[in-house]
Amino acid sequence: EERLVESGGGLVQAGRSLRLSCRHSGFGFDDYVIAWFRQAPGKGREGVSCFSSHDGNEYYYIEPAKGRFTFSRDNAKRTVYLQISSLKPDDTAVYYCATRSKGFDRCSEYGADFVSWGQGTQVTVSS
């Protein structure tokens, strides 16, 4: 059974940085599509970043992610990361990682395209 566990969230002051982790367990971590989503209080879930091992590309879907968010991975540790710099109160949200089913090799910003989810990690940014 595939399992994703996020960690690294917390309460931080605006302007600081955080690195979120998502550790994968279960079946092989070789061909995969994995993404980060976030859900702010009272808002819908939005895709933040996605990586496909098939094309080796990273994608960033929201404006803040295109400048302050960095995706990285360590395949040996079966872990992916989301580094968030210059945190803002608007970054306050629960951050989730998720994977697509085997056989799907393209990234997506839509949560409905992902089948396995972690429990999320809370990021709270104080002003």
Side-chain angles (χ1 to χ4, degrees):
E1 180 184 357
E2 184 177 26
R3 187 171 180 227
L4 300 167
V5 179
E6 302 94 336
S7 61
L11 173 62
V12 295
Q13 287 185 323
R16 300 267 181 134
S17 298
L18 271 181
R19 189 176 76 160
L20 308 181
S21 301
C22 170
R23 190 177 189 285
H24 176 276
S25 63
F27 52 78
F29 196 57
D30 41 13
D31 296 326
Y32 58 90
V33 175
I34 193 165
W36 285 97
F37 292 82
R38 71 181 186 180
Q39 186 163 17
K43 296 186 178 180
R45 182 176 56 197
E46 59 181 355
V48 174
S49 176
C50 183
F51 172 80
S52 170
S53 68
H54 302 276
D55 61 19
N57 290 329
E58 302 159 11
Y59 301 86
Y60 298 94
Y61 298 117
I62 57 175
E63 279 307 311
K66 295 176 183 177
R68 297 186 292 110
F69 292 31
T70 305
F71 179 98
S72 62
R73 66 198 184 277
D74 185 333
N75 286 343
K77 294 182 178 179
R78 302 169 67 101
T79 301
V80 299
Y81 305 95
L82 184 69
Q83 177 84 25
I84 312 173
S85 61
S86 302
L87 279 156
K88 301 179 179 181
D90 284 350
D91 295 320
T92 295
V94 179
Y95 286 73
Y96 301 89
C97 60
T99 57
R100 298 197 73 173
S101 293
K102 295 293 185 181
F104 291 93
D105 58 5
R106 293 188 177 185
C107 269
S108 169
E109 62 182 300
Y110 302 109
D113 291 334
F114 292 78
V115 296
S116 295
W117 292 79
Q119 83 290 348
T121 186
Q122 175 72 49
V123 173
T124 302
V125 184
S126 62
S127 58

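Heavy-atom basis, side chains included; hydrogens, waters and symmetry copies ignored. Source: prediction; values computed, not measured.
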Is there a side-chain contact (heavy atoms from CB on, under 4.5 Å) between H54 and V33? Walk through the geometry before answering. CA-CA 8 Å; H54 302 276; V33 175; 4.1 Å; yes
Atom pair [atom1] ([X]) and [atom2] ([Y]), whose distance is rounded to the nearest 0.5 Å:
X: I34; Y: C107; atom1: CD1; atom2: SG; result: 10.0 Å
X: F104; Y: D31; atom1: CZ; atom2: CG; result: 14.5 Å
X: F71; Y: C97; atom1: CZ; atom2: SG; result: 9.5 Å
X: R78; Y: R23; atom1: CZ; atom2: CZ; result: 6.5 Å
X: E46; Y: Y110; atom1: CD; atom2: OH; result: 12.5 Å
X: Y96; Y: L4; atom1: OH; atom2: CG; result: 13.0 Å

In terms of hydrophobic clustering (I, L, V, M, F, W, Y; side-chain heavy atoms under 4.5 Å; direct or indirect links), are [X] and [Y] co-clustered?
X: L82; Y: V94; value: no
X: V80; Y: F51; value: yes
X: V48; Y: Y60; value: yes
X: F69; Y: L87; value: yes
X: Y61; Y: W36; value: no

Can you tell me if [X] uses its side chain to pair, donor with acceptor, with the backbone of [Y] under 3.5 Å?
X: S52; Y: D105; answer: yes
X: Q119; Y: V5; answer: no
X: S49; Y: Y59; answer: yes
X: Q13; Y: S126; answer: no

Regarding S85 and Q83, is there a side-chain donor-to-acceptor distance under 3.5 Å anywhere? no
Non-hydrogen atoms of [X] and [Y] that approach each other most closely:
X: V115; Y: R100; result: CG2-C, 4.0 Å
X: V123; Y: L20; result: CG2-CD2, 3.9 Å
X: A40; Y: T92; result: CB-O, 3.5 Å
X: I62; Y: G47; result: CG2-O, 3.4 Å
X: D113; Y: S108; result: OD2-OG, 2.5 Å
X: Y32; Y: R73; result: OH-CD, 3.3 Å

Test of ring centre spacing under 6.0 Å for F37 and W117: yes
Only pairs at least two apart or in different chains count here, so list each salt bridge (Lys or Arg N to Asp or Glu O under 4.0 Å) that has a residue in residues 80-91. R38-D91, R68-D91
Please check if atom NZ in K102 has more than 12 non-hydrogen atoms from other residues, nucleotides or ligands closer than 6.0 Å. yes
Please determine which of K77, E2, R3 meets the side chain to side chain donor-acceptor pair (under 3.5 Å) test together with H24. E2
